[in-house]
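Below is one structure, written out as structure tokens, with a few remarks after it.
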4 protein chains.
Amino acid sequence: MPRPSVEAERRAQILRATCEVLAEVGLRALRVSDVAKRAGTSNGTVHYYFANKREVVHAAFDDNFTRSIERRRPIFDSGEDPKARLRAFVRSYLPDSPETVQAWRVWMELWSEALREPELQDLNERVYGEWRRIVAAVIRDGQAQGMLRAGDAVELANQLIGMIDGLAIQVLVGSRSMTVARMSEVCDAFLRDLES
Amino acid sequence: MPRPSVEAERRAQILRATCEVLAEVGLRALRVSDVAKRAGTSNGTVHYYFANKREVVHAAFDDNFTRSIERRRPIFDSGEDPKARLRAFVRSYLPDSPETVQAWRVWMELWSEALREPELQDLNERVYGEWRRIVAAVIRDGQAQGMLRAGDAVELANQLIGMIDGLAIQVLVGSRSMTVARMSEVCDAFLRDLES
Amino acid sequence: MPRPSVEAERRAQILRATCEVLAEVGLRALRVSDVAKRAGTSNGTVHYYFANKREVVHAAFDDNFTRSIERRRPIFDSGEDPKARLRAFVRSYLPDSPETVQAWRVWMELWSEALREPELQDLNERVYGEWRRIVAAVIRDGQAQGMLRAGDAVELANQLIGMIDGLAIQVLVGSRSMTVARMSEVCDAFLRDLES
Amino acid sequence: MPRPSVEAERRAQILRATCEVLAEVGLRALRVSDVAKRAGTSNGTVHYYFANKREVVHAAFDDNFTRSIERRRPIFDSGEDPKARLRAFVRSYLPDSPETVQAWRVWMELWSEALREPELQDLNERVYGEWRRIVAAVIRDGQAQGMLRAGDAVELANQLIGMIDGLAIQVLVGSRSMTVARMSEVCDAFLRDLES
DNA sequence: CATGAATGAGGCTTCATTCAT
DNA sequence: GATGAATGAAGCCTCATTCAT
């Protein structure tokens with residue numbers, strides 16, 4: 001009888017820890033030993049599961065994305081109307097909970113790193129491709145129902161997603177003029193202009 | 001008459017070099033010796049001009065911003081109509097020249113770093129405050145002339161600026177779906193919707 | 001009837017593997033896990049059979065020697081005349097087959113290690129003592145039969161054995177001037193000078 | 001005015017230290033920090049002069065050879081007769097002084113390592129090529145003067161050099177049957193057989 | 001002004017060894 | 001008998017920083 005896979009458990013544990021440390025101190029200052037400590041294991045154990053620091057971090061980026069998708073699935077599976085789904089989508093990206101803030105910070109680290117890491121570029125591509133498709137579909141849905149104004153759905157999706165990213169950065173970077181509340185209003189204004 | 005101190009020149013040289021290295025390898029991998037080599041000086045000289053690595057990098061971020069502003073001043077000082085100025089503004093942010101790409105990459109490094117560096121948060125605040133004011137003013141100008149539709153000018157400025165940042169990241173990160181051309185179209189679509 | 005313990009087989013397997021790895025990467029780079037992999041077992045199993053790395057390696061050195069002796073026994077048990085036996089002896093030491101090369105390489109590792117390991121010095125002593133006795137006996141035999149010239153048999157044996165070792169090193173180290181063929185000639189010349 | 005090259009000094013210091021450590025603990029156990037301590041510097045300084053451990057060690061092997069040659073130059077430049085020069089040559093290789101023992105031990109480390117390091121194979125080739133040429137020349141000289149018996153000089157040189165290497169190993173490895181005295185006798189016997 | 005030799009703290013990584021299963 | 005997950009000690013190497021010149 002196979003031992004209840006301790007492997008998967010430990011791996012997940014380490015990845016969760018990596019995301020936490022990543023969000024807290026950034027990739028630049030992330031030490032493998034920080035990850036180990038946070039995961040409650042030894043330095044060597046981290047390397048038992050991952051070939052090197054780079055692998056841990058990349059896997060953590062991937063994990064961050066997966067959990068991020070998971071958290072949002074209910075929104076799109078909900079039977080609500082397109083406008084409501086878009087608003088829920090935007091709301092889910094507001095960096096207002098520790099969980100969301102952590103996810104965002106990890107993404108910001110990913111972006112800098114992705115500038116030189118094809119593997120991360122691929123991850124980014126997959127993620128954004130998915131968002132664009134989903135959001136565009138919702139928009140098209142809304143247009144079909146006459147709830148949203150005409151216009152290239154993909155283009156509008158790109159506007160919305162870009163806007164969310166750009167504004168989130170400002171919020172995360174602690175801008176006094178761009179707070180979570182302000183970000184929410186700005187995005188909602190965009191959504192309102194989409195209506196009718 | 002003593003030559004105007006060679007110091008200023010050396011400093012500028014080092015900052016320029018830092019921005020280059022920053023854009024090329026990222027802050028995480030930036031070594032003081034890389035900067036020195038790029039600046040054509042010695043390791044020790046960098047420390048002669050700057051107390052430590054952090055100082056060099058922060059000064060470089062500041063320098064990157066200053067030169068960035070400088071490059072765009074003509075756009076807003078031009079006597080063109082608001083719509084044209086907005087379009088020129090957007091165009092100037094497309095990461096299509098080596099110079100612009102470098103500036104963007106440096107900004108991306110700044111963002112990650114600013115998450116934990118109040119000094120950089122301040123710099124970001126100054127910069128974005130300025131952009132918002134300028135863009136909002138142009139929009140208001142356009143609205144006053146009846147060229148742009150009604151709406152909170154600051155809100156619209158935030159939408160545009162956020163969108164530019166978010167899309168630029170995708171371009172820089174090498175997205176195959178978000179190229180410079182695509183980014184240009186998406187932003188132009190937004191501007192068009194502003195008109196009438 | 002219980003199968004003769006699988007233990008002996010496993011042990012032999014591991015020792016064989018150790019010799020192979022030893023010859024391939026050297027003692028310096030030999031890792032227990034390499035041995036395990038080569039032996040087709042697990043890391044832990046090696047430690048089940050041997051207290052520690054040192055033990056495995058020493059046992060492997062011993063095994064290398066034993067198999068080396070075994071391979072040469074036919075030469076001295078053959079009923080051929082002394083000159084022929086000496087020539088066969090030399091020939092058997094030419095590093096011209098994978099098997100012989102491996103044995104030589106393992107010996108070379110042993111020598112470096114023996115500089116600080118009394119246990120290996122003892123092994124070396126046993127081996128060389130045996131060779132000297134055997135070769136000296138053959139020489140004495142040849143002298144008795146009037147086939148070889150006079151001279152201290154042990155001294156001549158030492159000359160021959162030393163020469164073989166020294167030349168083999170050069171061959172193994174890839175000398176372009178000291179090839180297997182050259183080594184063969186040089187040794188044969190020595191043997192010829194022994195004749196009369 | 002150029003500073004009196006501290007560089008060369010330090011480098012030599014480090015190489016000397018490396019040879020000592022190499023002879024004492026062997027390459028396998030050699031730690032960069034041992035070298036640093038022995039050289040009276042810091043761990044980092046060693047890496048300031050050499051890219052990595054491998055470089056230090058290779059340079060040390062080279063240094064060991066150079067100094068070894070230097071020590072023997074007088075023997076061949078002496079005006080003595082060929083027989084005397086050969087005897088002096090042999091004597092200079094007897095591992096009877098700390099200096100010579102150290103040199104030999106370093107060579108033994110080199111051999112194991114050279115099995116996988118082309119760079120060291122080249123070094124070995126240069127050295128042995130030189131010895132062969134020198135010794136063969138002396139032998140030819142002796143033959144011309146009628147002091148040594150006929151025979152291929154290079155072949156005889158190879159016999160002598162091989163013998164010295166092989167016997168030295170036994171001495172260094174602490175053989176009770178092959179002491180320095182015994183080695184001396186065995187080689188002298190070979191030289192005597194060369195005469196007339 | 002400028003240099004570059006020197007340092008040492010600290011990080012990543014390797015790997016023999018242990019031990020629960 | 002055998003495994004492989006886990007450990008932690010220890011080594012190599014990097015690199016910001018210092019300082020004598």
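Order of the sequence lines fixes the chain letters, A, B, ..., with proteins taken first and strands second; residue numbering starts at 1 for each chain. These values consider heavy atoms only, across backbone and side chains, with no hydrogens, waters or symmetry-generated copies.
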**OP:** Mind listing the closest non-hydrogen atom pair of C:Cys19 and C:Asp63 along with its distance?
**Re:** SG-OD2, 4.5 Å

Original post:
Nearest to the side chain of A:Tyr48, which nucleotide is it out of F:dG4, F:dC13, E:dT3?
Top reply: F:dG4

Subject >> For atom CZ of D:Phe50 and atom C1' of E:dA5, their distance in whole Å >> reply: 14 Å

**OP:** Round to the nearest Å and state the distance from D:Lys53 atom NZ to F:dC12 atom C1'.
**Re:** 8 Å

Original post:
Atom CG of C:Leu27 and atom P of E:dC15: how far apart are they, to the nearest Å?
Top reply: 13 Å

Original post:
Rounding to a whole Å, what distance do you find between C:Asn43:CG and E:dC19:P?
Top reply: 15 Å

**OP:** Send over the distance from D:Arg11 CZ to E:dA5 C1', rounded to a whole Å.
**Re:** 15 Å

**OP:** Can you tell me the distance, in whole Å, between the NZ atom of B:Lys37 and the C1' atom of E:dT3?
**Re:** 16 Å

Subject >> Options E:dC12, E:dA2, F:dT3, nucleotide nearest the side-chain atoms of B:Tyr49 >> reply: E:dA2

**OP:** On DNA chain F, check which nucleotide each of B:Asn52 and C:Gly44 is closest to and give me the residue with the more 5' one.
**Re:** C:Gly44

Original post:
Looking at C:Ser42, does any N or O in its side chain come under 4.0 Å of the phosphate oxygens OP1/OP2 on F:dT3?
Top reply: yes

Subject >> Contact nearer the 5' end of DNA chain F, comparing C:Thr41 with D:Ser33 >> reply: C:Thr41

**OP:** In plain terms, say whether A:Arg116 and B:Glu24 are close enough for a salt bridge, that is, a side-chain N and a carboxylate O under 4.0 Å apart.
**Re:** no

Subject >> Upstream residue (5' side of DNA chain E) when C:Ala51 and A:Leu30 are each assigned their closest nucleotide >> reply: A:Leu30

Subject >> Residue D:His47, side-chain atoms from C-beta onward, closest of E:dA2, F:dC13, F:dG11 >> reply: F:dC13

Subject >> Between F:dC15 (C1') and A:Arg28 (CZ): distance, integer Å >> reply: 13 Å

**OP:** Decide, yes or no, whether a salt bridge links B:Arg67 with B:Asp62 under the criterion of side-chain N to carboxylate O below 4.0 Å.
**Re:** no

**OP:** Searching all strands shown, indicate the nucleotide that pairs with E:dA9 (Watson-Crick or G-U wobble; both distances under 3.5 Å).
**Re:** F:dT14

Original post:
Between B:Arg10 and E:dA2, does any side-chain N or O lie under 4.0 Å from OP1 or OP2?
Top reply: yes

Original post:
Paired with F:dG4 by Watson-Crick or G-U wobble geometry, both distances under 3.5 Å: which nucleotide is it?
Top reply: E:dC19

**OP:** Would you mind reporting whether C:Glu119 and C:Arg54 have side-chain heavy atoms less than 4.5 Å apart?
**Re:** yes

Original post:
E:dT14 P sits how many Å from C:Asp34 CG, rounded?
Top reply: 13 Å

Original post:
Out of D:Thr18, D:Val106, D:Leu15, D:Val127, which one pairs with D:Phe61 under the side-chain contact (heavy atoms from CB on, under 4.5 Å) rule?
Top reply: D:Val106

